[in-house]
Amino acid sequence: MYGADSVNDDDSERTAFRKAEKKYRLYYDHSTKSSKRKKQPRPVDLSEVIDFKSVLDSFNRNNELPPGISVLQRDFNQPVFCLENRPGFYFIPGVLSIEEQCQWIKESLTSFPQPPNRTNHNAIYGPIHDLFIAAKERKVFVEEESLSTGLDCNSNFPSGDVNASRWKFSEGSDVLSRGDTRKSVSATVLLRKLRWSTLGLQFEWSKRNYDVSLPHNKIPHGLCQLAKKMAAPAMPLGEEFQPEAAIVNYFGLGDTLGGHLDDMEADWSKPIVSMSLGCKAIFLLGGKSRQDTPFAIFLRSGDVVLMAGEARECFHGVPRIFTDEENAEIIHLEQQFSCEDDLCFLEYIRNSRININIRQVF
Ligand code: OGA
Ligand code: MN
């Protein structure tokens with residue numbers, strides 16, 4: 001479902017969804033005029049992107065809503081917006097406090113990628129502990145030659161990761177010595193290449209399903225409470241959302257999430273609760289067919305999206321994140337992460353977006 005990015009150019013405009021992905025995606029224009037050949041992001045027309053922050057502002061000011069957008073008539077402590085053509089889709093702009101945003105950014109980088117939770121790095125490196133600390137300490141991840149050919153070198157790895165060998169963090173200075181032929185990669189690079197981690201019931205990407213036999217921890221209590229509160233506007237009356245799994249997506253500049261459906265959960269009347277953290281992004285919400293022209297919507301840090309019922313059958317994706325100062329809209333995070341101990345989080349989030357999407361599986 002997430003592998004839809006690698007299409008060749010011939011296919012790139014075959015559907016309305018692809019066309020929109022191409023419109024918003026980051027491309028560089030290579031200017032050959034200057035001798036430095038500086039690459040410039042290609043300008044993009046954002047005039048058709050729905051901006052729920054300004055929808056909220058004008059709704060609060062004069063009770064006005066743009067055509068096609070309505071407000072949910074249900075008890076919640078701030079307006080919940082709906083798209084009239086996409087029943088089951090809900091947008092709650094800026095609902096997470098700055099403190100909550102910072103808390104979940106920190107957890108996403110420190111505790112969420114910890115084993116037994118899996119990440120995209122598992123298949124190659126096996127479980128990695130304390131990646132964020134290692135990156136902060138400029139450590140290097142090194143393949144231990146002698147053990148990688150050992151007898152049961154794969155015994156520590158969950159199924160599906162049988163090719164993993166034993167990797168360990170070393171001080172950067174240790175491995176830079178000449179003549180060292182071991183394979184190595186810096187923790188900073190691994191952190192930049194972290195694309196997903198899975199919490200609670202583990203999603204098995206190769207099978208596109210949840211593998212309940214894999215070791216896992218319950219969704220952390222605080223996240224569970226938050227997800228239950230946020231899910232309430234989209235829940236069938238009288239029922240409480242049960243968070244059982246979450247996928248955390250990490251986006252750097254140029255990273256995208258191709259159009260997909262999340263259809264591996266049993267009961268589509270329950271919402272997916274999707275929280276945005278860090279740099280602003282564009283979300284595409286299509287229809288049930290890739291031929292349907294998608295809505296483009298800004299996602300900012302602190303926004304929550306709910307997709308339930310019919311909206312669960314709608315293609316969606318993220319073709320663009322903005323890391324430049326004007327568009328990222330993370331000044332509030334820069335202020336909050338200003339103390340010495342938090343600068344490492346700021347350094348990461350200045351160029352990144354994190355999405356935590358929480359699911360009830362059964
Ligand atoms: C997903 C997803 C959207 C986002 O992970 O399934 O749709 O906002 N994420 O990153
Ligand atoms: Mn999705």
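Nothing here was measured: the structure is a model prediction, and the numbers come from that model. Atoms within each ligand, like the ligands themselves, are counted from 1 in listed order. Only heavy atoms go into these numbers, but all of them, side chains included; no hydrogens, no water, no symmetry mates.
At a 4.0 Å cut-off, at least one heavy atom of N249 sits close enough to ligand 1 to count as contact. Not a single heavy atom of W196 lies less than 4.0 angstrom from ligand 1.
For D262, the N/O/S atom at the shortest distance from the Mn ion (ligand 2) is named OD2. H316 has its closest N, O or S atom to the Mn ion (ligand 2) at the position named NE2.
Counting heavy-atom neighbours within 6.0 Å of E99 CD, excluding the residue itself, gives a total above 12. Crowding of D75 atom CG: a count of heavy atoms from other residues, nucleotides or ligands under 6.0 Å not exceeding 12. The environment of K23 atom NZ is dense: over 12 non-hydrogen atoms of other residues, nucleotides or ligands sit within 6.0 angstrom.
Contact annotation for L299 and ligand 1: only side-chain heavy atoms (C-beta onward) come within less than 4.0 Å of the ligand. Under 4.0 angstrom from ligand 1, the non-hydrogen atoms of L257 all belong to its side chain. Contacts of R359 with ligand 1, taken as heavy-atom pairs under 4.0 Å, involve the side chain alone.
Heavy-atom minimum distance, S58 versus E64: OG-O, 3.5 Å.
Once rounded to the nearest 0.5 Å, the distance linking CZ of R42 with CG of D29 reads 7.0 Å.
For ligand 1, the atoms closer than 4.0 angstrom to any heavy atom of F251 are 10 (O). The atoms of ligand 1 that sit less than 4.0 Å from any heavy atom of D262 are 6 (O). Of all atoms in ligand 1, numbered sequentially from 1 with element shown, those under 4.0 Å from a heavy atom of H316 are 7 (O). Interface atoms of ligand 1 facing R353, defined by a heavy-atom separation under 4.0 Å, are 4 (C), 8 (O), 10 (O).
The shortest N/O to N/O separation between S276 and ligand 1 does not fall below 3.5 Å.
Seen from the ring of F298, K53 does not count as a face-on cation partner, given the 6.0 Å and 45° thresholds. In this structure, R192 forms a cation-pi arrangement with Y348, its terminal cationic atom sitting closer than 6.0 Å to the ring centre and no more than 45° off the ring axis.
No donor-acceptor pair under 3.5 Å is formed between the side chain of N117 and the backbone N or O of L199.
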